Amino acid sequence: MAVDYEVSENAVIPAPVSRVWEVISATDRYAEWVPTVLEVTDHHGTAEVGRTYSERNKSLGPLTTRSTWTVREVRPGRRRVDTGTGFAPLQDVTNVFAFEPVVLPDGGEGTAMTYLVRYRIGLGPVGALVHRVVAPGLRADMRSSMVNLSDLILAEGPGQ
C-alpha cells in the first residue's frame, strides 16, 4: 500500500508577487533556480494548465533522472500546481507553489512563498524509510531553490 507524504518550506522573497510569478511561470528557466534541475529539455514557455515540460534532474549521488511535469492549476499571482513523473520510487509527485504579498521591514514589497511537495511511496514498510532519507534532502533543495530564486530576481532587477 502506498502512503502519502508532504514536505513544505517557506521563504520571504524581497520582490513583489508579480515579479516572482513572472519568473516561476517561465518553465524554461527552472535550471536557473532549482538546484536539482540540470536542464530543461522541453518546455512551452509560460506555464499553462494542461501543458507539459521536461527536465533532466539530479537524483541520488551521481545519478540523474528525466522528469515530465504537467501544469494542473494556475491562479495567477497566488498558486500553481504541477504533477510530475520520473522520480521513482516516488509516485504521484505534486509541486505546489503558493504566494502572498507581504510588506518588508524596509516598507518594500515582498512575497511570502510556500513550496510544497506531495508524493506517494509504495514499497510497504520500506517506503517510510525511503521518506526519512528523501525528506531532509528535499527540504534543503526547496530552501536552496527559494534562495536562488530570490538571488536571480535581485540580480535581474524589477523585470517587465
Side-chain angles (χ1 to χ4, degrees), residues 1-13 17 20-100 102 110-153:
M1 178 173 120
V3 177
D4 295 326
Y5 295 97
E6 185 173 291
V7 176
S8 174
E9 289 290 326
N10 301 291
V12 172
I13 298 175
V17 170
V20 175
W21 185 260
E22 178 185 330
V23 175
I24 71 102
S25 296
T27 58
D28 61 325
R29 299 193 67 185
Y30 286 0
E32 296 177 49
W33 60 276
V34 180
T36 56
V37 176
L38 298 171
E39 65 178 321
V40 177
T41 57
D42 184 44
H43 65 88
H44 58 275
T46 302
E48 295 178 31
V49 173
R51 303 289 304 265
T52 62
Y53 57 98
S54 301
E55 303 166 339
R56 188 169 66 88
N57 306 87
K58 292 180 185 174
S59 184
L60 188 62
L63 302 176
T64 63
T65 188
R66 293 189 181 277
S67 63
T68 299
W69 293 92
T70 302
V71 178
R72 300 293 181 186
E73 178 184 335
V74 173
R75 285 195 276 161
R78 303 292 296 165
R79 178 178 157 99
R80 173 120 156 261
V81 179
D82 298 352
T83 57
T85 60
F87 298 101
L90 307 184
Q91 307 164 356
D92 302 325
V93 178
T94 300
N95 272 355
V96 178
F97 301 119
F99 309 94
E100 290 187 30
V102 295
T111 301
M113 178 177 177
T114 299
Y115 186 171
L116 181 146
V117 178
R118 292 187 191 111
Y119 52 90
R120 305 184 97 204
I121 302 176
L123 307 174
V126 176
L129 178 61
V130 170
H131 170 69
R132 289 176 56 185
V133 171
V134 168
L138 188 55
R139 286 183 191 285
D141 290 339
M142 294 160 76
R143 287 190 300 269
S144 292
S145 293
M146 291 188 284
V147 168
N148 293 345
L149 179 61
S150 181
D151 290 347
L152 177 66
I153 289 170

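Remember, predicted model here, so these are calculated numbers, not experimental data.
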Checklist line | Minimum side-chain heavy-atom gap T27-V40 below 4.5 Å | finding: no
Notebook entry, point to check: Which residues satisfy the side-chain contact (heavy atoms from CB on, under 4.5 Å) test with A135, sequence neighbours excluded?
Noted result: V7, Y119, H131
Notebook entry, point to check: Taking E39 as the fixed residue, which of R56, K58, R29 is the one that meets the salt bridge (charged side-chain N to carboxylate O under 4.0 Å, His left out) rule?
Noted result: R56
Notebook entry, point to check: Between the main-chain N or O of M146 and the side-chain N or O of S150, is there a donor-acceptor pair closer than 3.5 Å?
Noted result: no
Notebook entry, point to check: Tell me, do W21 and T111 make a side-chain contact under 4.5 Å, heavy atoms counted?
Noted result: no
Checklist line | Note, I121 side chain near L90 side chain (heavy atom, < 4.5 Å) | finding: yes
Next item on the list: Would you indicate whether the side-chain heavy atoms of D4 and E6 approach each other to under 4.5 Å?
Entry: no
Notebook entry, point to check: How long is the span from the CZ atom in R139 to the OH atom in Y115, to the nearest 0.5 Å?
Noted result: 13.0 Å
Next item on the list: Can you measure from CD (Q91) to OG1 (T85) and round to the nearest 0.5 angstrom?
Entry: 11.5 Å
Checklist line | Spacing of S59 atom OG and R66 atom CZ [to the nearest 0.5 Å] | finding: 12.5 Å
Only pairs under 3.5 Å count here: list side-chain donor-acceptor contacts from residues 92-99, not counting sequence neighbours, and write none if there are none.
none

Notebook entry, point to check: Roughly how far apart are T114 OG1 and E100 CD, rounded to 0.5 Å?
Noted result: 7.0 Å
Notebook entry, point to check: Out of curiosity, R51 CZ to H43 NE2, how far, rounded to the nearest 0.5 Å?
Noted result: 10.5 Å
Notebook entry, point to check: Does a side-chain heavy-atom distance below 4.5 Å link V71 with R80?
Noted result: yes
Item checked: side-chain hydrogen bond (donor to acceptor under 3.5 Å, both in side chains) assessment of D141 paired with T36 -> CA-CA 7 Å; D141 290 339; T36 56; 5.1 Å; no
Check: What heavy-atom pair brings A31 and L38 nearest, and what distance separates the two atoms?
Finding: CB-O, 4.0 Å
Margin query: Applying the side-chain hydrogen bond (donor to acceptor under 3.5 Å, both in side chains) criterion to Y53, which one of T68, D82, T70, T41 satisfies it?
Written below: D82
